[in-house]
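Each remark here refers to the structure printed beneath this line.
Values in this document were obtained by computation on a predicted structure and should not be read as measured data. Start at 1 and go down the list; that is how both ligands and their atoms are numbered.
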Amino acid sequence: MTPRSLVLAIETSCDETSVSVVADGTRMLSNVVSSQVEIHARFGGVVPEVASRAHLEMLEAMLEQGLTDAGVSPQDLTAVAATNGPGLIGALLVGVTAAKTLALAWGKPYVGVNHLEGHLFASFLERPNLQVPMITMLVSGGHTSIVHIRDLGDYEVVGRTLDDAAGEAFDKVARYLGLGYPGGPVIDRMAKKFLAEGSGAPVQFPRGMMDDSLDFSFSGMKTAVINYVRKHPETPNDALAAGFQEAVVDVLVTKAMTAVDRYGVTTACLGGGVAANSLLRSEFASACAERGIDSLVPAREFCTDNAAMIAAAAHWRLFHDGPTSLSTGATPALRL
Ligand code: KG4
Ligand code: ZN
């Protein structure tokens, strides 16, 4: 079937360079991702200037690969899109400038996409017929929010973190324990191994803000780990990792389900890098199943930063709002 639309999207908001071509908003033809994780690991976190340079170095090859994998030539495209915020300004500008330049050179419309809206659209890549209204919990290194999607394009952020993002908390705890960067995947692996070995119980940590508000606070939970280690320096790292992960997941799932009940939705999704967490994935799915509601936890490749979700959102924006003006720049603190 000839697609009605073919969108090429570029994602460079943080430390992943990604290019994707998506047909008709939901059919992924290519999605190439180059992670800079190893480059930033020795600094213990993303270094903005280093990120921008790495995007610049990678982008041309990624564009070629994205088109080749999709079997598409520039003339076939309907539009060229890029993430235009939120994110690191230098990193965003690499993608935005490239997308605008290509759009101009190829005579195609340009679409600027909100990275967070991209994360919301990741679920539709997997299940195009998902029913709105729904609750989607976005948990990444830079954001933690609960979004009530009343309709496509009609979002209400009903809960957010008051301090650290969930992924940031994973990264900070891992750094404190000397586990490396990024912290989420390491803590996830350590916790899984610890529980499988059955050699002890995870350390119990307090759950932050377990009231009926939908907001989060993770900074206190991180401090609780630090204080615990100071008092009990002999505690093995895996017992700490498992306990911290359990506490964070408990808070995330409890609040997401509070939102589901409060807004009376029958669909709930997860998005963002922390949605790659194995305990969160299983606990979220079980909590939704217990309530008899439909849930979707996208494949890990759609949870972490990728251009396919940006192309999916761009498709919808293009047909709903039309192209983005070439005079629109990048906005580091863009909100949903
Ligand atoms: O969405 P993402 O790729 O980039 C941002 O937009 O922030 O998310 C990256 C974050 C990092 O903080 C990383 O530690 C966390 O997602 N993360 C995880 C896991 N995999 C990645 N956190 C917990 N468990 C994981 N398995
Ligand atoms: Zn992200």
Side-chain angles (χ1 to χ4, degrees), residues 9-18 20 31 33-38 40-41 44-46 48 51 55 82-88 91-92 95 113-123 136-145 147 161 164-177 179-193 218 221-222 241-242 244-253 269-284 297-310 312-313 332-336:
I10 303 173
E11 156 64 39
T12 62
S13 66
C14 190
D15 60 345
E16 259 95 31
T17 316
S18 179
S20 168
N31 184 39
V33 184
S34 161
S35 172
Q36 304 172 4
V37 155
E38 279 166 26
H40 298 290
V46 178
H55 286 309
T83 303
N84 64 359
L88 305 168
L92 287 167
V113 175
N114 183 314
H115 181 81
L116 301 175
E117 187 169 39
H119 275 302
L120 298 180
F121 268 81
S123 306
T136 294
M137 185 163 68
L138 277 187
V139 273
S140 74
H143 305 274
T144 299
S145 38
V147 185
T161 182
D164 292 350
E168 192 180 355
F170 271 100
D171 295 340
K172 285 179 175 172
V173 165
R175 189 185 312 161
Y176 178 73
L177 299 177
L179 305 177
Y181 172 86
V186 192
I187 290 181
D188 192 352
R189 271 196 304 278
M190 280 184 98
K192 204 187 272 173
K193 189 158 167 280
F218 292 110
M221 293 166 77
K222 169 200 68 193
F244 174 72
Q245 173 176 280
E246 213 171 74
V248 172
V249 168
D250 188 12
V251 174
L252 289 172
V253 174
C269 297
L270 272 183
V274 181
N277 183 272
S278 48
L279 184 67
L280 177 59
R281 298 173 76 83
S282 60
E283 293 292 308
F284 185 84
V297 184
R300 284 183 171 80
E301 63 170 321
F302 296 136
C303 290
T304 49
D305 289 350
N306 66 87
M309 66 185 195
I310 303 303
L334 193 63
R335 293 168 74 100
L336 195 60

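- For the pair H115 and ligand 1, a heavy-atom separation below 4.0 Å is found.
- A distance of 8.5 Å separates CD in E168 from OG1 in T144, rounded to the nearest 0.5 Å.
- The nearest protein atom to atom 9 (C) of ligand 1, hydrogens excluded, is given as G141 N, 3.8 Å; this is a heavy-atom distance.
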Let me see the working for H119 and C269 under side-chain contact (heavy atoms from CB on, under 4.5 Å), right down to the final yes or no.
CA-CA 10 Å; H119 275 302; C269 297; over 6 Å; no
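- Residue-level check: among N/O/S atoms of D305, OD1 sits closest to the Zn ion (ligand 2).
- Shortest distance from the Zn ion (ligand 2) to H119 is reached at NE2 (N/O/S atoms only).
- Nearest protein heavy-atom neighbour of atom 11 (C) of ligand 1: D171 OD2, 3.6 Å.
- Under a 4.0 Å criterion applied to the non-hydrogen atoms of A276, ligand 1 contributes the atoms 20 (N), 26 (N).
- In terms of protein heavy-atom proximity, atom 3 (O) of ligand 1 is nearest to D305 N, 3.3 Å.
- In this structure, CG in L120 is found 5.5 Å from OG1 in T136, a value given to the nearest 0.5 Å.
- Aromatic ring centroids of F244 and F170 lie under 6.0 Å apart.
- Taking any N or O of T304, backbone or side chain, none lies under 3.5 Å from an N or O belonging to ligand 1.
- Checked by atom type and distance alone, the side chain of N306 pairs as donor or acceptor with a backbone atom of E301 at under 3.5 Å.
- Using modelled atom types, one side-chain atom of D188 and one backbone atom of S278 make a donor-acceptor pair closer than 3.5 Å.
- Residue contact annotation: H119 has a non-hydrogen atom under 4.0 Å from ligand 1.
- Without hydrogens or angle criteria, D171 side chain to P182 main chain gives no donor-acceptor distance under 3.5 Å.
- Closest to atom 24 (N) of ligand 1 among all protein heavy atoms lies N277 ND2, 3.0 Å.
- Contact atoms of ligand 1 toward G167: 12 (O) (distance under 4.0 Å to a heavy atom of the residue).
- E117 and L336 get closest at one heavy-atom pair: N-CD1, 3.5 Å.
- D188 OD2, 2.9 Å is the protein heavy atom nearest to atom 26 (N) of ligand 1.
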Decide yes or no on side-chain contact (heavy atoms from CB on, under 4.5 Å) for H115 and C14, but give the supporting numbers first.
CA-CA 10 Å; H115 181 81; C14 190; over 6 Å; no
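- For atom 15 (C) of ligand 1, the closest heavy atom belonging to the protein is V274 CG2, 3.9 Å.
- Closest protein heavy atom to atom 18 (C) of ligand 1: G184 CA, 3.5 Å.
- At least one donor-acceptor pair under 3.5 Å links the side chain of Q36 to the backbone N or O of A51.
- Here H143 does not reach the Zn ion (ligand 2): none of its N/O/S atoms is less than 2.8 Å from the metal.
- With hydrogens and angles ignored, the 3.5 Å screen pairs a side-chain donor or acceptor of R281 with a backbone N or O of P298.
- Those atoms of ligand 1 with a heavy atom of P182 less than 4.0 angstrom away are 14 (O).
- Residue G142 approaches ligand 1 through these ligand atoms, each under 4.0 Å from one of its heavy atoms: 7 (O).
- Annotation: atom 1 (O) of ligand 1 to nearest protein heavy atom, G273 N, 2.9 Å.
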